[in-house]
Amino acid sequence: MLIVCLYVDDLIFTGNCDVMFEEFKKSMMNEFEMTDLGMMHYFLGISVAQSSDGIFISQNKYVEDILDRFQMKDCNPVHTPVECGLKLHKDHGGKKVDSTFYKQIVGSLMYLTATRPDIMYSVSLISRYMENPTEIHLLAAKRILRYLQGTRTFGIFYKKGVKSDLVGFTDSDYAGDQDDRKSTSGYVFMIGTGAISWASKKQPIVTLSSTEAEFVAATACACQAIWLRRILEELHFKQEGATLIYCDNNSAIKLSKNPILHGRSKHIDVKYHFLRDLTKAGIIDLIFCRSEDQVADLFTKPLKYVAFQKLRGLLGICSMEKVKGFGVN
């Protein structure tokens, strides 16, 4: 998932952006019959509010629509999208539910993750059981809708005047899947006060240690960092120096900087050692951070409300009512 916010009035990206946008608009108008409608307010279901304080994007109208569609508009709200400690699994003996209805819920929630990274892990989790959903899976999906009931107006706020370097966070939940014991990778990239790119995905291989799981997750994060750096360079926002990526596993960090294969890494596929080349070249730099400050934790496991609320805030997610200079849509 990638969100890139550009504001030509010098809110987030500066430098040659004004000139670039003007040249782009002129070239498009020369080729097509177009009208300049000014600042963006609404695009593909995403509401965009802009002020002198920053940019706020949300899908509050879409949230209301899906709550109404799935008959959950009068449900009781909950504080988190996933119950803490929940471990979903394939429930072969459980009561079957309408798979079409379940897939509709999952599909609708997937589109909502465009502006709601706080539900990314929970949606990724329930999407694993679309083939044969049972009651426990449907209850997990409905809990996400109950969480949205209490956070309808939430979105991402990109504040003006904040340092705009690209920073990443990577994490994994070792052997978290109850069916095949594969780990879950999660990463998020920030520019300024808000998240611009995030992912939560089950790893394609079974790892043999938490270090290996973290190393595989960090490699996926580093690949995304390369792509983002290239996009930002095209937008005349070239990143100087290495992109910092925060990881809460010291062994994985040491492995990324140690060119010698040893017992902790001999089972890792050669392709994942691409991370070492990036570190050596100074493109990315893995930095240690405490687990309680690891924002990517939100993308790998269910969390208690206090921890969830803290990390949600660090992603730049808040309600429009709490953002200075914005009213409620």
Do the non-hydrogen side-chain atoms of [X] and [Y] ever get within less than 4.5 Å of each other?
X    : Y    : answer
K304 : T80  : no
D171 : K301 : yes
T243 : I283 : no
T207 : F215 : no
N76  : R146 : yes
R116 : V123 : no
E64  : K73  : no
L88  : Q178 : no

Is a donor on one side and an acceptor on the other found under 3.5 Å between the side chain of [X] and the backbone of [Y]?
X    : Y    : result
Q294 : Y246 : yes
S122 : I144 : no
Q59  : S47  : no
S124 : M120 : no

Treating Ile, Leu, Val, Met, Phe, Trp and Tyr as nodes and any side-chain heavy-atom pair under 4.5 angstrom as an edge, say whether [X] and [Y] lie in one connected cluster.
X    : Y    : result
I287 : V167 : yes
I226 : I284 : yes
Y42  : M34  : no
L139 : M72  : no
F24  : M40  : no

How long is the span from the [atom1] atom in [X] to the [atom2] atom in [Y], to the nearest 0.5 Å?
X    : Y    : atom1 : atom2 : answer
I66  : L112 : CD1   : CG    : 5.0 Å
L286 : K257 : CG    : NZ    : 7.0 Å
S185 : K201 : OG    : NZ    : 9.0 Å
Y174 : S209 : OH    : OG    : 6.0 Å
L298 : L311 : CG    : CG    : 5.5 Å
K238 : L166 : NZ    : CG    : 14.5 Å

By ring pair (Phe, Tyr, Trp, His ring centres under 6.0 Å), which residues pair with [X], not counting sequence neighbours?
X    : result
F154 : none
F308 : Y147
F101 : F70

Side-chain donor-acceptor contacts of residues 102-110 below 3.5 Å, not counting sequence neighbours, with atom names and distances?
from	atom 1	to	atom 2	distance (Å)
Y102	OH	I126	O	2.7
S108	OG	R69	NH1	3.2
S108	OG	Q104	O	2.9

Exercise for the section: Under the side-chain contact (heavy atoms from CB on, under 4.5 Å) rule, what do L314 and F169 come out as? Steps first, then yes or no, please. Expected result: CA-CA 12 Å; L314 291 176; F169 294 84; over 6 Å; no
Which atoms form the tightest heavy-atom contact between [X] and [Y], and what is the distance?
X    : Y    : value
R143 : E83  : NE-N, 3.2 Å
R229 : Q239 : NH2-O, 3.8 Å
T300 : G186 : CG2-N, 3.6 Å
A217 : Q203 : N-NE2, 3.8 Å
Q224 : S197 : NE2-OG, 2.8 Å
I317 : P117 : CD1-CG, 3.5 Å

Practice task
Decide if the gap between the ring center of Y121 and the ring center of F299 is smaller than 6.0 angstrom.
Solution key: no
Problem - Listed partners of Q149 passing side-chain hydrogen bond (donor to acceptor under 3.5 Å, both in side chains), at least two apart - result: R152
Exercise for the section: Please name all residues satisfying side-chain hydrogen bond (donor to acceptor under 3.5 Å, both in side chains) with Y305, sequence neighbours left out, ordered by chain then number. Expected result: Q309
Exercise for the section: Assess whether side-chain contact (heavy atoms from CB on, under 4.5 Å) is satisfied between S200 and T184, documenting all intermediate values. Expected result: CA-CA 7 Å; S200 176; T184 299; 3.9 Å; yes
Practice task
Output yes when K90 and D177 qualify as a salt bridge under the 4.0 Å nitrogen-oxygen rule, no when they do not.
Solution key: no
Problem - Pair K25 + E22: basic N to acidic O under 4.0 Å - result: yes
Decide if atom [atom1] of [X] counts as having more than 12 heavy atoms of other residues, nucleotides or ligands within a radius under 6.0 Å.
X    : atom1 : value
E31  : CD    : no
E131 : CD    : no
K182 : NZ    : yes
R181 : CZ    : yes
K142 : NZ    : no

Practice task
Go through K202 and D180 one step at a time and tell me if the salt bridge (Lys or Arg N to Asp or Glu O under 4.0 Å) criterion holds.
Solution key: CA-CA 10 Å; K202 188 163 68 170; D180 55 21; 2.9 Å; yes
Practice task
Verify the distance criterion only: is there a donor paired with an acceptor across the side chains of S183 and S172 at less than 3.5 Å?
Solution key: no
Problem - Residue pair L315, I156: steps toward the side-chain contact (heavy atoms from CB on, under 4.5 Å) verdict - result: CA-CA 8 Å; L315 288 173; I156 305 176; over 6 Å; no
Problem - Whether Y111 and Y62 hold their rings parallel, tilted or perpendicular, with breakpoints at 30° and 60° - result: perpendicular
Exercise for the section: Would you check, one step at a time, whether the test side-chain contact (heavy atoms from CB on, under 4.5 Å) holds for F43 with I57? Expected result: CA-CA 10 Å; F43 179 71; I57 62 172; over 6 Å; no
